[in-house]
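Down below is the structure, laid out as C-alpha cells.
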Amino acid sequence: LLLLLRLRGSHPRVRAWSVYKLRDFPLKSKRLAFSQNLRLLGVPAHAYARTMKEVVTTREYYQKLYPYDQLVTWLTSQGHDLERFEFAMEGRSDDGAKIFKRYVVATSAASLRRQVGSFTGIRAFHIGGIYPEACDRKSAPTERMFSVDIDLTDYDFLTLTDASGEVSPALCDKAYPIAAFALFVLRHLLEHAFGFERILCCYSGRRGVHLHVTDQAAMALTNEGRSA
C-alpha cells in the first residue's frame, strides 16, 4: 500500500524543519496519520490497531500514541546525542493565539514525550538542526536532515477545496494515489541517482507528507545544495 508516499509537483520545496503533526481532521485521516507514522517507525500493528477505531485529541495522540522511542532511535542511529537536536513546539493559547517555542532540548524519549504532551495547546512539534554540542541559542547547527515537504495543493490540476473555499480532507484523501506515485518516483531518484539510503516518509496531516533523508552527505548539504 503506497498511500503514504506523496509528492508535490516538479518543484518540491525543501524545508529546514521537519514537522510531525495531527490536525483536527475526520477519523479517516486520523487513522491514516496514526497507522502510517507508527508503521514506518516500526511499531507493531497490534500496538495501535485498537486506536484506529477511536477518535482522540491532538494532545492524547502526543501523550499516549506518538512513537517517541522509535523516533529517538532513528534520530540517534548515526551517533548523534539526542540533546544535540533542536526541537520546537507549536501550540495555541486559550484565546486562540499562536504559540511557538524554539531551542527545546530533550535528553530521552521520555523527556521529549513529557515536553510535547504538556505544551500549551499543542498542535505540532518540529525537529530542527543538529548542534555541535547540546542545542543552545548561542551557537548554530552544523547539520540538519534533508527534508522535502509535499503538499497535494501544489498540483494545479487537483480540486481540493470545498464550497467554502477551504481545503477538504475528504478530497485530499481521494487524491492520495497521485501523491503516492509522485513520491515513489522521488524516492527512486534519491536512492538510485544520489545513493541515499536512510529515507523516512511520514504522513503530516490532511494534505501532506514529509520525506526525510539522514544520510551523512544529505545532512551536510548547504542551503544552496538543498535548493538546487
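The model shown is predicted, which means the values in this text are computed figures rather than measured ones.
- L171 approaches T159 most closely through the heavy-atom pair CD1-O, 3.7 Å.
- Taking CE from M89 and NE2 from H126, the interatomic distance works out to 9.5 Å, rounded to the nearest 0.5 Å.
- To the nearest 0.5 Å, the span separating CD on E197 from CG on L190 amounts to 12.0 Å.
- Annotation: side chain of R187 is in contact with side chain of C201 (closest heavy-atom distance under 4.5 Å).
- Judged by distance alone, with hydrogens and angles left aside, the side-chain atoms of R123 form no donor-acceptor pair with the main-chain N or O of R92 at under 3.5 Å.
- Under the 4.5 Å side-chain criterion, counting only non-hydrogen atoms from C-beta, L211 is in contact with I199.
- Using a 4.0 Å cut-off between charged side-chain N and carboxylate O, E90 and K98 make no salt bridge.
- At a threshold of 4.5 Å between side-chain heavy atoms, the hydrophobic network of Ile, Leu, Val, Met, Phe, Trp and Tyr places V105 and L75 in two separate groups.
- V213 and A218 get closest at one heavy-atom pair: CG1-CB, 3.6 Å.
- The main-chain N or O of M219 is found under 3.5 Å from a side-chain atom of R226 such that the two form a donor-acceptor pair.
- Residues F194 and I150 fall within the same hydrophobic cluster, defined by Ile, Leu, Val, Met, Phe, Trp and Tyr side chains chained together at heavy-atom separations under 4.5 Å.
- Note that the NE2 atom of H192 and the CG atom of L189 stand 9.0 Å from one another [nearest 0.5 Å].
- Closest non-hydrogen pair, L152 versus C172, comes out as CD1-O, 3.4 Å.
- With salt bridges taken as basic N to acidic carboxylate O contacts below 4.0 Å, one links E143 and R84.
- Within the 3.5 Å criterion, the main-chain N or O of G129 finds no donor-acceptor partner in the side chain of E86.
- When ring centroids are compared, Y62 and F119 stay outside the 6.0 Å threshold.
- The structure places NE2 of H212 at 13.5 Å from CZ of R144, a figure rounded to the nearest 0.5 Å.
- Heavy atoms only, all atoms of each residue included: E60 and T57 are closest at OE1-N, 2.9 Å.
- Between the CG atom of L160 and the NZ atom of K174 there is a distance of 11.5 Å, given to the nearest 0.5 Å.
- The CG atom of D69 lies 10.0 Å from the CG atom of L112; values are rounded to the nearest 0.5 Å.
- In this structure, the side chain of Q78 engages the main chain of T214 through a donor-acceptor pair within 3.5 Å.
- A 4.5 Å side-chain heavy-atom check between Y68 and R114 finds every atom pair outside the cut-off.
- Using a 4.5 Å heavy-atom cutoff, the side chains of Y131 and E83 are not in contact.
- For D151 and T153, the side-chain atoms include no donor-acceptor pair closer than 3.5 Å.
- Judged by distance alone, with hydrogens and angles left aside, the side-chain atoms of D215 form no donor-acceptor pair with the main-chain N or O of A217 at under 3.5 Å.
- Contact of the Y66 side chain with the L71 side chain is registered, since non-hydrogen atoms from C-beta on lie closer than 4.5 Å.
- A109 and L82 make their closest contact through N-CD2, 4.3 Å (heavy atoms, listed as atom of the first residue, atom of the second, distance).
- Remark: E133 CD is loosely packed, at most 12 non-hydrogen atoms of other residues, nucleotides or ligands lying under 6.0 Å away.
- Using bins of under 30°, 30° to 60° and over 60° for the plane-to-plane angle, the ring pair F85/F87 lands in the tilted bin.
- In terms of heavy atoms, A140 sits closest to P132 at O-CD, 3.4 Å.
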